[in-house]
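Please read the structure below before turning to the comments.
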Amino acid sequence: MGSEKTPVTSRELMNQMLKRHYEEAYQAKESGKLVCWSTSIAPQELLTTMDIVTLYPENHAAALGARKDSPTFIEHTESMGYSSDLCSYARVNLAYTELGHSKAENMPLPDLLLCTSNICHTVIKWYENLSKELNIPLIMFDTPFNHTDEVQEHNAKYMKAQIYHAIEQLEEITGKSFDFDRLQEVMKISNETSEWWKKATDMAIHTPSPLNGFDLFNYMAIIVFARGTQEGRALFQLWHDELAEKVKLGQGPWNDREERYRILWDGIACWPYLNHNYKTLKNLGMNVVTSTYPKSWTVTYETGDIEGMAKAYSMNVYPNRNLNYDVENMVSLARKFQLDGIVFHSNRSCKLMDFRQYELQRRIYEECGVPSVIFDGDQTDPRLFSEAQYETRMQALAEMMEESKRKKGRD
Ligand code: SF4
């Protein structure tokens, strides 16, 4: 850490970790260490065990989006002939790979790639393309879609075999033997980090919630890259303790406004408009107390159980689960977090997460009477979002929630 001030709050620690994440990756690359690019919810345990520095293009693209530097990259990729229908994270990253520099945030090019198909199948073609263009090895971990409620036995065997195959590939790429004792330690830390992430985000069950829900999106950048590290575990424990203290003191999400409505945000944030989206909600007294998206990083399993770990990567990510799971999950979140409403972000990039939203909306309302709205947007392509549409939809939701409160006689 050099001369950096010792962080006192979780926010300070988070900011330091974010800053160091890319700086240390450049230093590692210069010193001859291998750098891997990986999809966001992948078995990082294998890479951490092998001491391979891992970066996450989705995280990086989100940072570029939040700092309003994504249009250059998106336009570049489209000028190369890629469709504007392709996920904007992929469009940002494919251009970054060619251009190699961004005004907002930079990361070194990879020596290898790890791709897991649990989030979508776009990533398979995206990573195959990177592998071909950069002429580097791709480790693929394929997690078949769960049409059934539980992981099928044959799929569990298939995924376990792939983990062992990935270990062999890593041994070949690094020229080193895989240390299974070290893997146990990394699995233990990864589980504990996930548990602390869950405990912290669950603090929002309190009324008022001590958590201003857009913080979920900020802290999420860290759970993506630091799940297998002691520092990541310490950060989420500290964040949890801070939130617990706020609950004790009866403090809500804001100093200058009361939490009037408790809502769930479905889907990825609109990074280029994060501030606008947040302020619009806050002005209406709407606090995001939970989301379907950050839950995907609570990847837990028995330490040492390779098959259990493979299954966790398949089961934990909701785009890899069937519609019944999605409905049950959101209904249970509605009850657990005492939701007044739901905001569905119909994210142009992410078809797999979105195409179920209208049916989800209908079934959730039928099961628990929670009103919701859907707005159009995109995680990193600013051309696909309208402030006016968003504001009108949020006002409509506030009116529906008010009406529903009135009917329930809660006020
Ligand atoms: S945003 Fe959606 S389509 Fe893009 S990589 Fe993530 S899961 Fe896949």
Side-chain angles (χ1 to χ4, degrees), residues 36-44 54-66 70 73-74 77-78 82-97 107 110 113-131 138-146 216-217 220-221 223-225 265-274 277 291-297 299 313-323 325-326 329 344-357 360 374-385:
C36 178
W37 281 4
S38 169
T39 51
S40 56
I41 313 170
Q44 51 75 28
T54 307
L55 300 166
Y56 297 84
E58 293 152 72
N59 238 6
H60 180 251
L64 264 56
S70 54
F73 296 89
I74 285 171
T77 299
E78 289 174 10
Y82 289 93
S83 163
S84 59
D85 278 331
L86 182 63
C87 164
S88 58
Y89 280 169
R91 277 180 286 147
V92 168
N93 180 252
L94 290 168
Y96 181 82
T97 305
M107 62 175 180
L113 302 156
L114 171 63
C115 178
T116 300
S117 61
N118 52 2
I119 51 174
C120 67
H121 284 188
T122 298
V123 290
I124 301 174
K125 291 294 150 197
W126 170 8
Y127 275 62
E128 278 177 1
N129 204 335
L130 286 174
S131 169
L138 165 63
I139 297 173
M140 185 67 220
F141 177 45
D142 180 33
T143 53
F145 185 84
N146 293 294
L216 282 172
F217 297 131
M220 207 169 61
I223 191 76
V224 172
F225 74 77
W265 180 289
D266 180 62
I268 303 176
C270 266
W271 299 112
Y273 298 96
L274 204 60
N277 291 179
S291 169
T292 38
Y293 187 53
K295 185 175 179 279
S296 300
W297 282 275
V299 184
Y313 279 104
S314 169
M315 293 291 275
N316 208 56
V317 182
Y318 74 89
N320 210 39
R321 303 293 298 270
N322 63 26
L323 185 64
Y325 170 85
D326 283 355
N329 180 39
F344 288 97
H345 172 199
S346 180
N347 178 357
R348 178 78 187 155
S349 274
C350 200
K351 286 82 179 163
L352 186 58
M353 286 195 204
D354 295 348
F355 82 100
R356 301 179 274 191
Q357 284 176 331
L360 267 173
I374 298 180
F375 76 93
D376 301 302
D378 189 88
Q379 61 211 10
T380 21
D381 189 339
R383 299 170 302 185
L384 299 164
F385 175 80

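Index from 1, following the sequence. Ligands are counted one by one from 1 in listed order, and the atoms in each one are counted from 1 as well.
- At the top of the distance list for atom 4 (Fe) of ligand 1, counting protein heavy atoms only, stands C87 SG, 2.3 Å.
- Between N118 and S314, the side chains place no donor N or O within less than 3.5 Å of an acceptor N or O (distance only, hydrogens not considered).
- Residue-level proximity to ligand 1 for Q379 is carried by the side chain, the only part with a heavy atom below 4.0 angstrom.
- Closest to atom 8 (Fe) of ligand 1 among all protein heavy atoms lies C120 SG, 2.2 Å.
- Not one N, O or S atom of C350 sits under 2.8 Å from atom 4 (Fe) of ligand 1.
- Of all atoms in ligand 1, listed by their number and element, those nearer than 4.0 Å to a heavy atom of S349 are 3 (S).
- A side-chain donor from one of S349 and S88 sits under 3.5 Å from a side-chain acceptor of the other.
- A distance-only check finds a donor-acceptor pair linking the side chain of R321 to the backbone of M315 [under 3.5 Å].
- Without hydrogens or angle criteria, T97 side chain to N93 main chain gives a donor-acceptor distance under 3.5 Å.
- Residue contacts with ligand 1 for I268 involve side-chain atoms from C-beta outward but no N, CA, C or O (heavy atoms, distance under 4.0 Å).
- Of all the heavy atoms of T39, none lies under 4.0 Å from any atom of ligand 1, so neither backbone nor side chain is involved.
- Residue H345 forms a ring pair (Phe, Tyr, Trp, His ring centres under 6.0 Å) with just one option from F217, Y273, W271, F375, and that option is F375.
- The main-chain N or O of S40 is found under 3.5 Å from a side-chain atom of E58 such that the two form a donor-acceptor pair.
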